[in-house]
Protein chains: 2
Amino acid sequence: MASPATGVQPADATRITPSRAERWPTRIVIQYPWPSVDDGRYAAKRCVGDHVRVEADVFRDGHEMLRVVVRYRGPGGGAWHESEMRLIDEHMGGVRWGGGFDVDRTGRFEYTVDAWTDVFGTWRDELDRKLGAGQHDLAGELSEGTLLLRDALAREPSDVDRGLIEQALLTLEDPTLAEGAKHDVALGPELLEAVERTQERHGRVSLESPVPIEVDRLRARFGAWYELFPRSWGGLAGVEKRLPELAEHGFDVVYLAPIHPIGHTNRKGRDNALVAGPEDPGSPWAIGDETGGHDAVSPDLGTIDDLRSLTSAAAEHGIDIALDFAIQASADHPWLTEHPEWFHRRPDGTLKYAENPPKRYQDIYSVNWESPDWRGLWDALLKIVLQWVDCGVKVFRVDNPHTKPFAFWAWLIEQVHAHHRDVVFLAEAFTRRAVMRHLAKIGFSQSYTYFTWKNSRYELTEYVSELAYSGEQEYFRPNFFANTPDILHEYLQHGGRPAFEARLVLAATLSPSYGIYSGFENIERVALRESSEEYLHSEKYEIKKRELNGELLPMIKRLNFIRRDNPPLQHFSNITFLDTANDALIAYAKQSARSTVLTVVNIDPYQPQAGLATVPASLGLPPSFTAHDILADERYQWRIGPNYVEFEPGVRQAHVIRVES
Amino acid sequence: MASPATGVQPADATRITPSRAERWPTRIVIQYPWPSVDDGRYAAKRCVGDHVRVEADVFRDGHEMLRVVVRYRGPGGGAWHESEMRLIDEHMGGVRWGGGFDVDRTGRFEYTVDAWTDVFGTWRDELDRKLGAGQHDLAGELSEGTLLLRDALAREPSDVDRGLIEQALLTLEDPTLAEGAKHDVALGPELLEAVERTQERHGRVSLESPVPIEVDRLRARFGAWYELFPRSWGGLAGVEKRLPELAEHGFDVVYLAPIHPIGHTNRKGRDNALVAGPEDPGSPWAIGDETGGHDAVSPDLGTIDDLRSLTSAAAEHGIDIALDFAIQASADHPWLTEHPEWFHRRPDGTLKYAENPPKRYQDIYSVNWESPDWRGLWDALLKIVLQWVDCGVKVFRVDNPHTKPFAFWAWLIEQVHAHHRDVVFLAEAFTRRAVMRHLAKIGFSQSYTYFTWKNSRYELTEYVSELAYSGEQEYFRPNFFANTPDILHEYLQHGGRPAFEARLVLAATLSPSYGIYSGFENIERVALRESSEEYLHSEKYEIKKRELNGELLPMIKRLNFIRRDNPPLQHFSNITFLDTANDALIAYAKQSARSTVLTVVNIDPYQPQAGLATVPASLGLPPSFTAHDILADERYQWRIGPNYVEFEPGVRQAHVIRVES
């Protein structure tokens with residue numbers, strides 16, 4: 001069957017260019033591959049060990065059958081592999097095909113989809129349908145089949161396949177045999193497989209461009225974060241001393257507020273006072289003094305060697321040390337004299353401190369990204385990050401990335417990843433959703449979220465559903481912090497320990513990455529004033545004496561190990577919200593291939609609440625099952641349908657249930 | 001303010017390529033332009049006279065203000081025009097901008113979106129916010145402002161603007177004036193406008209590629225079709241004689257079943273009999289005999305000159321004559337001898353007739369699109385279409401396009417449109433939705449739909465909502481046929497005249513393009529047999545004696561003129577379904593800028609039905625209004641909220657109401 005459409009062709013020759021249509025009358029369309037972010041402009045994200053499920057619309061004109069494979073390759077442009085895709089909505093006469101592949105290392109994978117017309121399969125299918133319809137004079141059809149078999153032989157099948165095909169030909173061409181016997185041979189499934197293995201890929205097309213998938217290490221998706229100010233723990237050496245305890249409580253990341261020298265000009269005092277007292281240490285985010293800037297460690301906290309020692313000890317505990325990366329300078333930062341062109345100035349030559357009217361940040365200066373020496377600034381910032389990476393820091397919490405150019409972040413992250421693909425970047429961007437999404441698209445591994453402000457059942461359900469299923473789950477990885485040095489929500493201020501328990505369970509079970517800022521475990525909850533989310537005597541402006549001794553620690557530890565032991569809690573977009581018949585109760589199932597975790601939380605920190613956690617049949621659980629509350633280590637008998645639950649603040653705030661069958 | 005980011009840059013320098021990020025640190029992202037089909041791969045469709053509403057996400061890092069315009073140009077690559085876009089979700093802290101432009105002629109328009117940082121506007125806004133916060137020492141701010149004004153003067157403003165700016169500078173730089181007076185001048189709205197007019201487009205970016213919009217003549221979207229077999233009307237001359245009557249009834253398109261010679265080999269007899277009697281005329285879709293093929297007119301119907309005469313007379317009535325374009329040949333078609341390579345053959349050399357097992361079409365042969373001479377075939381088909389266009393045919397109803405290569409259609413339609421942009425192509429594709437959508441993307445002006453099989457309130461609501469709002473409305477234009485020679489739905493077979501009335505009103509008011517096949521107006525409804533959708537004594541296989549005398553004609557005429565007089569009925573995606581408190585009743589509003597039509601149909605052809613047509617406040621109608629039933633010419637007083645309606649089959653089947661206020 002001569003054809004002008006053999007060989008690999010770009011998919012969808014029906015695109016607007018007439019010249020292409022004239023040259024390549026391919027008949028197959030491949031469209032809407034998934035995962036794919038903005039039509040392949042950005043990479044979808046996965047982690048090492050994931051199975052990447054791939055889908056695409058594939059169809060052609062007419063009634064011919066198709067074969068479809070996903071082809072993929074790993075970082076560095078090695079060999080392509082392929083795996084079969086199958087029609088997944090056949091009962092709808094559909095066009096959606098599904099398949100996939102595993103990713104086993106970090107870096108940029110890519111995949112494409114190939115499709116071709118299954119000439120022999122189509123012939124066989126038509127023969128089958130004709131026989132089914134009672135047609136008998138099919139000598140013409142059989143003669144077509146023999147041609148296809150001879151074509152297959154010409155394509156050098158394996159010895160086994162050759163044997164099968166030659167045997168079939170002998171039967172089909174034997175004039176002494178009855179047609180019935182020939183039909184049986186022609187329809188044989190083994191013959192089909194043998195021919196398909198040799199089959200030319202008739203009119204094969206591929207996606208226009210391969211689709212990128214960025215594969216990170218697991219920490220980019222899954223981890224329990226603990227944020228602390230080293231100066232309240234005896235500096236870097238003090239933190240290192242606490243590592244065994246932190247590890248014992250199941251923390252995966254210890255995130256340090258900035259460790260650099262702090263400016264003294266316009267230093268902020270206690271409770272953000274405009275004038276600091278002589279003993280006030282200043283905000284760690286007012287970075288730099290005469291002794292050094294972003295590349296220095298404050299002598300009050302230790303030395304660069306202390307940091308090396310800390311990261312190395314942490315690694316032995318499986319803990320990542322995360323540094324804060326805040327691109328701003330105090331008035332005393334060496335850059336202001338060494339690179340004055342990197343900062344904004346008034347026409348009279350005076351420097352402009354940071355402000356977002358009416359807010360003013362008199363102790364810090366923003367850099368001028370549009371300075372003539374912007375390349376010099378970019379290079380200096382990259383050098384700083386690489387210096388800390390060299391000290392063993394593989395996680396950066398980036399301060400307000402949304403006020404710096406997107407292009408800078410895209411470049412910086414790519415440069416760092418080129419040599420250190422295991423570095424994780426957390427975006428601290430509380431801004432418009434589109435901007436937060438864009439930071440994720442251009443490379444940030446994960447992001448802060450609005451979780452802190454989502455406290456009602458409705459708010460949580462809507463927000464988590466959007467994060468999980470709106471499409472952004474392909475590239476935007478949430479990190480649910482229950483509190484931060486800047487955010488003490490009024491729910492925590494007023495709700496006391498039951499509120500802290502509820503938020504802790506929600507953060508730890510809704511999101512594979514979650515975090516607390518130290519003091520949370522001690523139920524610290526006094527705000528600067530009513531309707532403020534700032535802490536009274538905020539650690540941002542003074543030194544605390546911190547120990548790991550909070551009353552919530554046993555629950556935190558339990559949750560952290562539950563998270564490690566239960567794969568459903570290590571993913572985000574595997575959630576189903578359940579009815580509870582009570583708006584004060586939120587319930588959800590998270591499922592992985594072989595495991596289900598059901599969480600029910602009483603959001604009301606004041607009152608006992610009861611309701612019905614309603615397990616839908618769609619979860620695929622047995623009609624009745626043992627509900628093992630792994631938080632309290634109790635067992636109940638649950639079933640598909642409503643299950644009575646009750647909670648009393650101070651006694652029990654939540655169930656975290658593993659389904660046992 | 002020196003900047004490396006001036007001049008027009010491609011949007012979104014944060015795409016993956018690091019080299020681009022290094023060269024162009026643009027700070028603005030433009031994404032998700034709308035309308036746009038598959039990321040600009042295909043053109044969105046509009047009609048002459050439409051306003052093209054354009055939206056896009058536009059944002060940048062930081063807090064600076066943006067200016068955004070849509071730029072557009074018409075067919076042939078003429079000059080670009082531009083029009084302002086505005087932030088449309090500002091209250092959400094959003095990023096979505098909206099604007100638009102009008103299209104005044106057929107052909108390919110394109111648009112792009114430009115955005116830049118509003119340097120002066122940002123400065124003014126910050127000054128305003130600082131003053132609002134009670135800050136007073138703003139001499140530094142004012143000195144920045146004077147710099148911006150001097151920059152504006154350097155960009156050669158108009159005389160009026162120059163005067164305004166110079167006056168402002170005088171005030172700002174006058175050391176004798178109080179700051180308050182300076183602030184007033186700096187914040188003046190006329191100064192803002194003057195500076196903005198001169199403003200450099202700081203860091204301007206555009207969409208990566210312009211987005212195509214194909215503009216058709218109105219008939220591509222809006223028209224009442226009447227399908228007939230010319231042989232039942234006395235041939236082409238007979239049809240021409242009926243044109244005044246057809247026009248008087250408000251038909252816009254008269255679609256003729258194929259007019260070519262009909263083969264005699266394996267000709268089908270009455271009621272699709274395998275053997276034709278000597279008098280049987282055969283199916284017009286078995287195209288071609290020894291006297292000619294697709295380029296010939298059957299001598300039984302007339303001549304090519306008769307067709308010219310028909311199209312020319314029709315044009316005088318504002319009617320389009322539509323031809324059927326069915327790419328298949330009877331055994332007697334000249335191509336089978338002139339171009340045997342265009343057809344499928346068995347290994348023994350015999351021709352293969354068309355079949356889709358178990359169905360067999362013994363009287364027709366499909367062409368082999370993969371023949372070595374596929375280019376010759378394509379050229380021949382184009383020549384045929386162009387011949388009929390030359391005869392005044394500007395509408396083609398294309399038979400089963402989904403069994404022919406997409407690339408062929410893309411090419412054919414583009415070739416025809418290159419010289420005859422007013423030609424309309426209707427796809428008769430009853431197949432998978434993705435395939436139907438793809439035919440629309442690659443150029444078909446409109447398409448048959450599943451309307452015929454959507455009879456319940458739920459089915460209609462779901463199907464019409466999907467057509468109207470799933471996204472495909474940007475390129476897929478439905479044509480709702482109430483019946484066809486192949487489809488006599490059992491709802492019509494059993495429901496009698498009330499069923500015909502219901503389906504007629506639904507087709508004519510739901511879809512701007514709708515059609516009936518002749519006989520509908522006579523309530524023809526006898527099927528070949530129970531559970532068949534074929535007509536008994538189908539006109540496909542025999543000649544009828546037709547006259548325009550059906551009992552439904554007055555209602556059809558009324559509806560056709562209602563459609564012409566009421567703009568809401570000339571669009572598809574302007575529908576809101578209303579509650580009726582009765583599943584036998586379907587109600588919907590269609591709205592245009594200044595007009596609302598409310599339709600209520602009793603879907604039950606057997607029983608009286610009553611319900612409440614509930615007008616939601618969101619339609620923006622007055623609390624109480626005159627509901628003018630323009631089908632019955634009666635007036636009611638309706639209101640926002642529920643309105644009682646009742647219907648009795650045989651008396652009234654529907655309301656079509658124009659809202660008068």
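Since this is a predicted model, take the numbers as computed values, not measurements.
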- Check whether B/Q135 gets within reach of chain A through its side chain, its backbone, both or neither, counting any heavy atom under 4.5 Å. side chain

- Note on the structure: Of the listed B/G134, B/G140, B/G443, B/A139, the one with the largest count of heavy-atom pairs under 4.5 Å with chain A is B/G140

- Using non-hydrogen atoms and a 4.5 Å limit, figure out which bit of A/H63 sits close to chain B: side chain, backbone, both or neither. side chain

- Just do the side chain to side chain contact (heavy atoms under 4.5 Å, CB included) check on B/R346 and A/E141 with the steps written out, would you? CA-CA 8 Å; B/R346 293 256 159 66; A/E141 280 73 4; 3.2 Å; yes

- Query: When rounded to the nearest 0.5 angstrom, what distance separates OH in B/Y42 from CD in A/Q31?
  - Reply: 6.5 Å

- Pairs of heavy atoms under 4.5 Å with chain B: top-ranked of A/A133, A/P347, A/A434, A/A429: A/P347

- Message: Taking side chain as everything from C-beta outward and backbone as N, CA, C, O, which of these in A/E64 sits under 4.5 Å from a heavy atom of chain B? Side chain, backbone, both or neither.
- Response: neither

- Message: Are A/E144 and B/K352 packed together at the side-chain level, in the sense that at least one heavy-atom pair is separated by less than 4.5 angstrom?
- Response: yes

- Query: Looking only at heavy atoms, which two atoms of B/G94 and A/R432 are closest? And how far apart?
  - Reply: O-NH1, 3.5 Å

- Go through the side-chain N and O atoms of A/H202 and B/E370 and say whether any donor and acceptor fall under 3.5 Å apart. yes

- Counting only heavy atoms not in B/D137, do more than 12 fall under 6.0 Å of its CG? no

- Interatomic distance, CG@B/L439 vs CG@A/D61, rounded to 0.5 Å, equals 9.0 Å

- Check step by step if side chain to side chain contact (heavy atoms under 4.5 Å, CB included) holds for B/F406 and A/I28. CA-CA 8 Å; B/F406 299 121; A/I28 302 174; over 6 Å; no

- Task: Answer with side chain, backbone, both or neither: which region of A/K130 has an atom nearer than 4.5 Å to a non-hydrogen atom of chain B?
- Result: both

- Task: For the pair A/E208 and B/R41, find out whether any cationic side-chain nitrogen is under 4.0 Å from an anionic carboxylate oxygen.
- Result: yes

